[in-house]
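One structure is given here, and the rest of the page talks about it.
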Amino acid sequence: MRTGRPKQPLILSEEERDRLESLAHRARSQPHLARRARVVLACAEGQSNQSVARKLRCSLGMVGKWRARFLKARLEGLYDEPRPGAPRTVSDDQVEQVVVQTLESTPCGETHWSTRGLAKATGLSRMTISRIWHAFGLQPHRTDTFKLSPDPLLIEKVRDIVGLYVHPPEHALVFCVDEKSQIQALDRTQPLLPLQPGQLERGTHDYKRNGTTSLFAALELKSRVIGQLHRRHRSVEFRKFLDAIEAGVPAALDIHLILDNYGTHKTALIRKWFAKRPRFHVHFTPTYGSWINLVERWFAELTNKRIRRGVFRSVKDLESAIREFIDVHNEDPTPFVWTKSADEILASIARYAQRTRAAHPA
């Protein structure tokens, strides 16, 4: 009987075996590498190439190739060698020209470059422009907005409010308070087409206005919400809302209110109200700093889940829907967890300020 040429024994160290076991489980992210690792592991069990090929359902040549590659270069032999690919057709100077032209110029009569416009101006293909932009992280078609707060007490206010979120005081409750004013009761001009398989819910783009209401809301850090609805949002209505907060909190607890700088919060009527109640402690957000008030996050939930797609034929319908949303929310509230420290927020603001100063030295 003829026997095949004796195979060089394939012996693995513990480190190599652990590494191969890890690679063998990458069937989704690196399927080719995982298959090669399984071939080597099977060979290390002393099986013949024919047995390994049958077990893993691959060709005999594949088993022989990766067995020999592993014996020659060990783990490094399982990885593909770098391939030269086709020669470059775009020079470094052309890449630099595209980047500089994107950053330092605009097309005639327009505000920003498009891939087709810059391709026509440079003589390169649209896909080449796209690849260069992607490589350098350039997105001329997109824009973002920001607003730096001019508040002279910005740092102190950020540290104060974030401190209340991260380390709330004992024997006290912290409420984030604000108004969502001028909520419109909108009715569509034609009936909605409901959601169906293969079809989104559809409504007319135009609408009928049926009046407005204003929501006064106080979000406690455990996510319980106290809300009141009023047709107007003057200091008189705000005082009534403060009375509701006071009535809803046990007398033994202090109350910390986080408010924005809206004029209603600082009238003589409201200042006198706070002066008579020493257990109330007011913390104002920085100018243009409503983003730091957590109740704004709850307002977004209200808008997305109940108001935006709602149909309200009267203000009464709208107010009933808002009250229902608050009741359902308070049955099983989920806290909003503040994750950024004051130092991280201030560092982000500092980066914006530095970039603004660098872009506009004057």
Side-chain angles (χ1 to χ4, degrees), residues 145-149 151 153-183 214-230 233 237-238 241-242 244-246 248-250 253-266 270 274 279-308 322-349 352:
T145 59
F146 73 98
K147 178 67 177 180
L148 293 178
S149 173
D151 198 316
L153 298 177
L154 171 66
I155 296 175
E156 291 81 357
K157 289 181 177 179
V158 168
R159 293 193 181 280
D160 177 37
I161 294 174
V162 173
L164 288 175
Y165 292 153
V166 179
H167 302 292
E170 296 181 358
H171 309 295
L173 291 181
V174 179
F175 287 94
C176 303
V177 178
D178 202 0
E179 300 94 1
K180 185 173 179 62
S181 60
Q182 301 296 310
I183 308 173
S214 295
L215 171 64
F216 292 76
L219 173 70
E220 202 265 324
L221 288 189
K222 295 181 180 178
S223 200
R224 180 172 65 95
V225 173
I226 299 174
Q228 271 191 2
L229 290 159
H230 295 280
H233 55 285
E237 286 78 22
F238 183 58
F241 181 56
L242 292 176
I245 296 175
E246 183 181 30
V249 178
L253 297 178
D254 281 356
I255 301 173
H256 293 260
L257 300 183
I258 298 173
L259 300 168
D260 63 16
N261 295 278
Y262 186 50
T264 301
H265 303 157
K266 299 181 178 181
I270 301 303
F274 282 130
R279 71 171 179 144
F280 277 79
H281 307 274
V282 181
H283 308 262
F284 288 105
T285 62
T287 307
Y288 305 125
S290 59
W291 48 267
I292 205 171
N293 196 334
L294 269 179
V295 74
E296 297 289 349
R297 181 65 188 86
W298 185 82
F299 283 155
E301 291 285 294
L302 171 64
T303 300
N304 293 332
K305 295 181 178 180
R306 191 63 189 93
I307 296 178
R308 179 171 290 129
I322 294 174
R323 291 191 183 97
E324 181 186 17
F325 182 86
I326 293 174
D327 292 340
V328 172
H329 173 85
N330 286 339
E331 288 176 3
D332 185 22
T334 302
F336 296 111
V337 180
W338 191 269
T339 57
K340 278 203 171 185
S341 67
D343 289 338
E344 290 174 322
I345 294 171
L346 295 173
S348 177
I349 294 174
Y352 266 114

**Request:** Could you tell me which non-hydrogen atom of Y165 sits nearest to which non-hydrogen atom of L294, and how far apart they are?
**Result:** OH-N, 3.2 Å
**Asked** So, does R306 use its side chain to make a donor-acceptor pair with the main chain of I322 at under 3.5 Å?
**Response** no
**Request:** Over all heavy atoms of both residues, which pair between L219 and V225 is shortest? Give the atoms and the distance, please.
**Result:** CD1-CG2, 3.6 Å
**Message:** Apply side chain to side chain contact (heavy atoms under 4.5 Å, CB included) to residues Q228 and E237 and explain how you reach the verdict.
**Reply:** CA-CA 9 Å; Q228 271 191 2; E237 286 78 22; over 6 Å; no
**Request:** Please report the shortest heavy-atom distance between I255 and L257, naming the atom on each side.
**Result:** CG2-CD2, 3.7 Å
**Asked** F175: what forms a ring pair (Phe, Tyr, Trp, His ring centres under 6.0 Å) with it, not counting sequence neighbours?
**Response** none
**Request:** Could you tell me if the ring centre of F216 sits under 6.0 Å from that of H233?
**Result:** no
**Asked** Where do P286 and V158 come nearest, in terms of heavy atoms and distance?
**Response** CG-CG2, 4.2 Å
**Request:** Go through the steps to decide whether K340 and S348 satisfy the test side-chain hydrogen bond (donor to acceptor under 3.5 Å, both in side chains), and finish with yes or no.
**Result:** CA-CA 11 Å; K340 278 203 171 185; S348 177; 5.0 Å; no
**Asked** Quick one: does W298's side chain get under 4.5 Å of I326's, heavy atoms only?
**Response** yes
**Request:** Compare every heavy atom of N261 with every heavy atom of T285, then report the nearest pair and how far apart it is.
**Result:** O-ND2, 2.7 Å
**Item:** Gap between atom CG of N304 and atom CZ of F299 - 0.5 Å precision
**Value:** 13.5 Å
**Message:** Return the CH2 to OG distance between W291 and S149, rounded to the nearest 0.5 Å.
**Reply:** 8.0 Å
**Request:** First locate atom CG of L148, then atom CD1 of I349, and finally report the distance between them rounded to the nearest 0.5 Å.
**Result:** 7.5 Å
**Asked** Does the side chain of V177 come within less than 4.5 Å of F238's, by heavy atoms?
**Response** yes
**Message:** Measuring from atom CG of D178 to atom CG of N293, what distance do you get when rounded to the nearest 0.5 angstrom?
**Reply:** 5.5 Å
**Prompt:** Could you state the interatomic distance from CG (L259) to NZ (K266), rounded to the nearest 0.5 Å?
**Reply:** 9.5 Å
**Prompt:** Under 3.5 Å, side chain of E179 to main-chain N/O of S181, donor-acceptor pair present?
**Reply:** no
**Message:** Any heavy-atom pair between the side chains of T303 and K180 that's under 4.5 Å?
**Reply:** yes
**Which residues share a side chain to side chain contact (heavy atoms under 4.5 Å, CB included) with A172, sequence neighbours left out** = P169, D254, H256
**Inter-residue atom distance H329.NE2 - K305.NZ, 0.5 Å rounding** = 9.0 Å
**Message:** Are the side chains of W338 and L221 in contact, using a 4.5 Å heavy-atom criterion?
**Reply:** no
**Request:** List the atom of F241, the atom of A218, and the distance in Å for their closest heavy-atom pair.
**Result:** CZ-N, 3.4 Å
**Message:** Are the side chains of Y288 and L154 in contact, using a 4.5 Å heavy-atom criterion?
**Reply:** no
**Request:** Look at atom CD1 of I155 and say whether more than 12 heavy atoms of other residues, nucleotides or ligands are closer to it than 6.0 Å.
**Result:** no
**Message:** For L346 and R159: C-alpha separation, side-chain torsions, deciding distance, then whether side chain to side chain contact (heavy atoms under 4.5 Å, CB included) applies.
**Reply:** CA-CA 9 Å; L346 295 173; R159 293 193 181 280; 3.6 Å; yes
**Message:** Working note: L173 + R224, criterion side chain to side chain contact (heavy atoms under 4.5 Å, CB included); need CA distance, chi angles, decisive distance, verdict.
**Reply:** CA-CA 11 Å; L173 291 181; R224 180 172 65 95; 4.3 Å; yes
**Prompt:** Could you go step by step and tell me if K157 and I292 meet the side chain to side chain contact (heavy atoms under 4.5 Å, CB included) rule?
**Reply:** CA-CA 10 Å; K157 289 181 177 179; I292 205 171; over 6 Å; no
